[in-house]
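The chains referred to below are lettered A, B, ... by the order of the sequence lines, with proteins before strands, and numbering in each begins at 1.
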Amino acid sequence: MSFNHRSIEKKWQNFWDNDQTFKTTEDENKGYFYALDMFPYPSGQGLHVGHPEGYTATDIISRMKRAQGYNVLHPMGWDAFGLPAEQYALDTGNDPAEFTEKNIQTFKRQIKSLGFSYDWDREINTTDPDYYKWTQWIFTKLVEHDLAYEAEVPVNWCPALGTVLANEEVIDGKSERGGHPVYRKPMKQWMLKITAYADRLLDDLEEVEWPEHIKDMQRNWIGKSEGAQIKFDVKDTNLSFDVFTTRADTLFGATYAVLAPESELVDSIVTPEQKEAVEAYRTEANKKSDLERTDLNKNKTGVFTGAYAINPVTNEDMPIWIADYVLASYGTGSIMAVPAHDERDFEFAQKYELLIRPVIEGGDVDKEAYTGDGVHINSDFINGLDQKDATDKIVSYLEEKEIGQTKTTYRLRDWLFARQRYWGEPIPVIHWEDGTTSTIPEEELPVVLPKTTEIKPSGTGESPLAVIEEWVNVVDEKTGMKGKRDTNTMPQWAGSSWYFLRFIDPHNATQLADPKKLEQWLPVDLYIGGAEHAVLHLLYARFWHKFLYDLKLVPTKEPFQKLFNQGMILGENNEKMSKSKGNVVNPDVVVEKFGADTLRVYEMFMGPLDAAIAWSEDGLEGSRKFLDRVWRLFIDEEDKVRDRITTYNDQSLEVVYHQTVKKVTEDFENLQFNTGISQLMVFINAAYKAEGLPLEYVKGFIQMLAPVAPHLSEELWAKVTQASDSIAYEQWPTFDETKLVTDEVEVVFQVNGKLRAKATASKTISKEALEELALSHEKMQEHLEGKTIRKVIVVPGKLVNIVAN
RNA sequence: GCCGGCGUGGUGGAAUUGGUAGACACGCUGGACUCAAAAUCCAGUGCCCAUUAGGGCGUGCCGGUUCGACUCCGGCCGCCGGUACCA
């Protein structure tokens, strides 16, 4: 008979709720372990089978750590602000808050049906004013410390929709909804100065246990680049501009200069003859989105300004061009072009027939740019030097003349923190009529998002909040001065940048979280989520954490000690699951048919946690068969514990049991759940062949199965031990190192590296005796006949290899 | 293009201080049980040759180091992820 997952799972989920089994303990005599999932955005689609993969992994670790005597913090919450809810509101006229609440209830029901050991008393919702009060508070602190500032930044403005669009809502320069034209329009926006933390965000990656490729992605994103900044004078004026270059050594080969089309200097230097062409080019460039600009990278375009710069070492005239292959936002927004040794400059110079002068030996400038190292030529005082020496010498020269110095730049840009949207945290700022700006003091937070019956575009590009007059307009009670609230809201990244702190003290009304509790729980010991957040979320959260660290509000430099990214679960056809492909698996259906335990076992057994693996209905059934097999081993047809389970131990399972405890414990610790579960299967296979089942081993096995299949294990535990308590806090089984190996081991005999015979021998057998055993073996003698033994390699307890010819 | 990862049976995957390749599972084949089927239990299952005994081949491809290579080195091919005019 198989177990009834529907009744068992319901029974134990109710038990855990009523018993408050997973309420977080904070016993100072125990260690603290913080196992965190990336909290989900509660979409209208409901839970996907990909979600439980990471959740099961952290749940297994949480349950094992509780049994190992730790206080475990294992919370769940909702990253519930975001675009889809607002779109839904725009489409239907409904309140995004209600829609979001409904989605949360669906997610929560689904997550609870999987039996995760979350402490639901600590549930967090980023859209809850009690939560976003502190999101806003952190923002005001950033303003106080000059890490938030306002700047004119271009947005995707769609006049037809009367709204600003996110990049992903713009397709080929048209709005995704309606296909209306979209323009780049500068708007005043809040920016966060994440670049001030660039070096620390880079350096402190050394301190965390993250997958190397994720660290690499962050390093690339930060994009630290060391080079030199060099000043160029504009001919016949007192104007000048700086360029950034990593190849100062090629300065003698700089034959022209390029400014970004947006550069303000262009207005001052453009000649009357070129003015029209330059203006036309700038207008054209302004129409293109960043994406379109990069799309055109095959065919570089640009226009001559008519002006010349002076090369500071050759004193030659360098024509100044504008071209959109130079980005205003990187470096100084202007470059010295060295076409002989830079591929982009080479392509541009060829197209516009600009001078290409090689200054390094090697390569052929008629064909392509040479970007390698080599001996410098045509370069006066650095001739004959290699790249490094030439760079050092020329930078010293420039420093002496005070026209250049070493300089570090970053690819990382400041964080555009404003959204012209309704469904987000209001930015807690008032713009007064006298032109000043102030943040809302702590005692007046939160600035609550006003309820409104109709969310509609403002028509000006501002958020829908701008039309809610009674909310926007404020008067200072003391001075009577009028002001307007900032109508921007925060991006979705805001709430998720610090939620892991609030889980530690979620109901604290007076501070973000109690410092003592933060000290106990931080850093997060294990953080699991999808790789799609490898860069932005993790970088933003690290930035805020470091800022709070500087304010002495959190005790650690880094928030997440160990990070792991679960892989994707693909559809049975090996493609990404999607509605349109019809390959989506609904977890509700799986839980109903096979049970939550089966789903958990299957998702952990299908392969390594970080691999992308296709769903398989057959594999799922196999996991259920394993659980049934476990059940039948211990429970008979009458639903009674089998009398094979006994306190007598005939030792036949001793070795495999101790091996199982060791391997399962270590594999779970290392997140290698697939091999850990396979070891549980090995034990069950052996147990089926054994006469009696020692109670101690049965109990130990059920405990090891419990983190993966908790409902079934609770039920088995209750039946086998007659206990009325949960298995959750039973001490995790231990193994005895001395019982791991048998006295007799199988050894392998090889001739010329080829396996020819096997034999059993004592594991402590001497080298000589083992060699003798090999040479005297019948099979070996056959293979050695007529050959001369040249060499014998003996690995004690393992093998003998005889080299002969 | 650049950075990172991967490539093992019919399938998902095990195994790397270099030492029995294919653990565990799915699938398949056979047997037991059954009137029969399902379920279950037991056995077999990398490929090729051979009736057996046995032999040969085998971890993407080519080469190297080694007594011995899935594992280390060099060169290719393919797939996946990230990123992209970053000066």
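Among rC85(B), rC67(B), rA14(B), the nucleotide with an atom closest to any side-chain atom of P608(A) is rA14(B). The side chain of V682(A) lies closest to rC24(B) when the candidates are rC24(B), rA14(B), rC26(B). The listed nucleotides are rA21(B), rA87(B), rC24(B); the one nearest the side chain of T245(A) is rA87(B). Among rA25(B), rC41(B), rU20(B), the nucleotide with an atom closest to any side-chain atom of R632(A) is rC41(B). Of all nucleotides listed (rC42(B), rU83(B), rC24(B)), rC42(B) comes nearest to the side chain of R629(A). In the set rC3(B), rC26(B), rA87(B), the nucleotide with an atom closest to the side chain of D618(A) is rC26(B). The side chain of R756(A) approaches rG56(B) more closely than any other nucleotide in the set rC67(B), rG56(B), rU83(B).
With both ends at atom C1', the span from rC47(B) to rC28(B) equals 16 Å, rounded to whole Å. Of the P atoms belonging to rA23(B) and rA14(B), the separation is 13 Å, rounded to the nearest Å. Rounded to the nearest Å, the gap between the P atom of rA38(B) and that of rA32(B) is 14 Å. Nucleotides rG46(B) and rA21(B), compared at atom P, are 14 Å apart to the nearest Å. To the nearest whole angstrom, the two P atoms, one in rU20(B) and one in rG13(B), are 23 Å apart. The same atom, C1', is picked in rG10(B) and in rC61(B); the two are 23 Å apart, to the nearest Å. For the C1' atoms, the distance linking rU11(B) with rG27(B) amounts to 7 Å, nearest Å. With both ends at atom P, the span from rG54(B) to rC6(B) equals 39 Å, rounded to whole Å.
Both tests pass for R624(A) against the ring of F3(A): distance under 6.0 Å to the centre and angle within 45° of the axis.
Rounded to whole Å, the distance from CD on E617(A) to P on rG27(B) is 12 Å. The separation between F3(A) atom CZ and rU40(B) atom P is 13 Å, rounded to whole Å. In this structure, OH of Y330(A) is placed 18 Å from P of rU83(B), rounded to the nearest angstrom. Regarding K791(A), its NZ atom lies at a distance of 9 Å from the P atom of rG68(B), rounded to whole Å. Nucleotide rG81(B) holds its P atom 12 Å from the CD atom of E575(A), rounded to whole Å. Counting to the nearest Å, the C1' atom of rC2(B) and the CZ atom of R411(A) are 12 Å from each other. To the nearest angstrom, P of rC24(B) lies 16 Å from OH of Y688(A). Whole-Å rounding puts the D628(A) CG to rC26(B) P distance at 12 Å.
Between N674(A) and rG12(B), a side-chain N or O to OP1/OP2 separation shorter than 4.0 Å is absent. Regarding contacts with the backbone of rG27(B), a side-chain N or O of K625(A) is found under 4.0 angstrom from either OP1 or OP2.
Searching all strands for a Watson-Crick or G-U wobble partner of rU16(B) with both distances below 3.5 Å returns nothing. Pairing for rA36(B) is absent, with no Watson-Crick or G-U wobble pair whose two atom distances lie under 3.5 Å. The partner of rC70(B) cannot be assigned: no Watson-Crick or G-U wobble pair with both contacts below 3.5 Å exists in any strand. Pair assignment for rU45(B): rG27(B), on the basis of Watson-Crick or G-U wobble contacts that are both within less than 3.5 Å.
Note on V803(A): only backbone sugar-phosphate atoms sit closer than 4.0 angstrom, heavy atoms only; bases stay farther off. Nucleic acid contact class of Q679(A) (heavy atoms, under 4.0 Å, all strands): none. Within 4.0 Å of R624(A), counting heavy atoms only, lies no atom of the nucleic acid at all. Using a 4.0 Å heavy-atom distance criterion, G331(A) is classed as making no nucleic acid contact. Here F605(A) lies in heavy-atom contact (under 4.0 Å) with a base. Across all strands, I613(A) comes closer than 4.0 Å only to sugar-phosphate atoms, never to a base (heavy-atom distances). When heavy atoms are screened at a 4.0 angstrom cut-off, S616(A) is found touching no nucleic acid atom at all.
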Kindly indicate, with the supporting measurements, whether the criterion side-chain contact (heavy atoms from CB on, under 4.5 Å) is fulfilled by I230(A) and V243(A).
CA-CA 5 Å; I230(A) 303 172; V243(A) 305; 4.2 Å; yes
Taking it one step at a time, do D636(A) and K640(A) satisfy salt bridge (charged side-chain N to carboxylate O under 4.0 Å, His left out)?
CA-CA 5 Å; D636(A) 68 17; K640(A) 298 271 188 317; over 6 Å; no
What do the steps show when you test R219(A) against E206(A) for salt bridge (charged side-chain N to carboxylate O under 4.0 Å, His left out), and what is the final call?
CA-CA 11 Å; R219(A) 288 186 190 112; E206(A) 301 300 324; 3.7 Å; yes
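No hydrogens or angles considered: nothing links the side chains of T660(A) and Y697(A) as a donor-acceptor pair under 3.5 Å. The closest side-chain donor-acceptor pair between R411(A) and N220(A), if any, does not fall under 3.5 angstrom.
A donor-acceptor pair under 3.5 Å is absent between the side-chain atoms of R644(A) and the main chain of L633(A), judged by distance alone.
Taking syn as a glycosidic angle within 90° of 0, rG9(B) qualifies as syn.
T255(A) and L355(A) get closest at one heavy-atom pair: OG1-O, 2.7 Å.
Across the interface with RNA chain B, nearest-nucleotide mapping of I677(A) and W221(A) shows I677(A) to be the residue nearer the 5′ end. For T675(A) and N685(A), each mapped to the nucleotide of RNA chain B holding its nearest heavy atom, the one lying further toward the 5' end belongs to T675(A).
The base of rC67(B) sits with one of its N or O atoms less than 3.5 Å from a complementary donor or acceptor on the side chain of N801(A).
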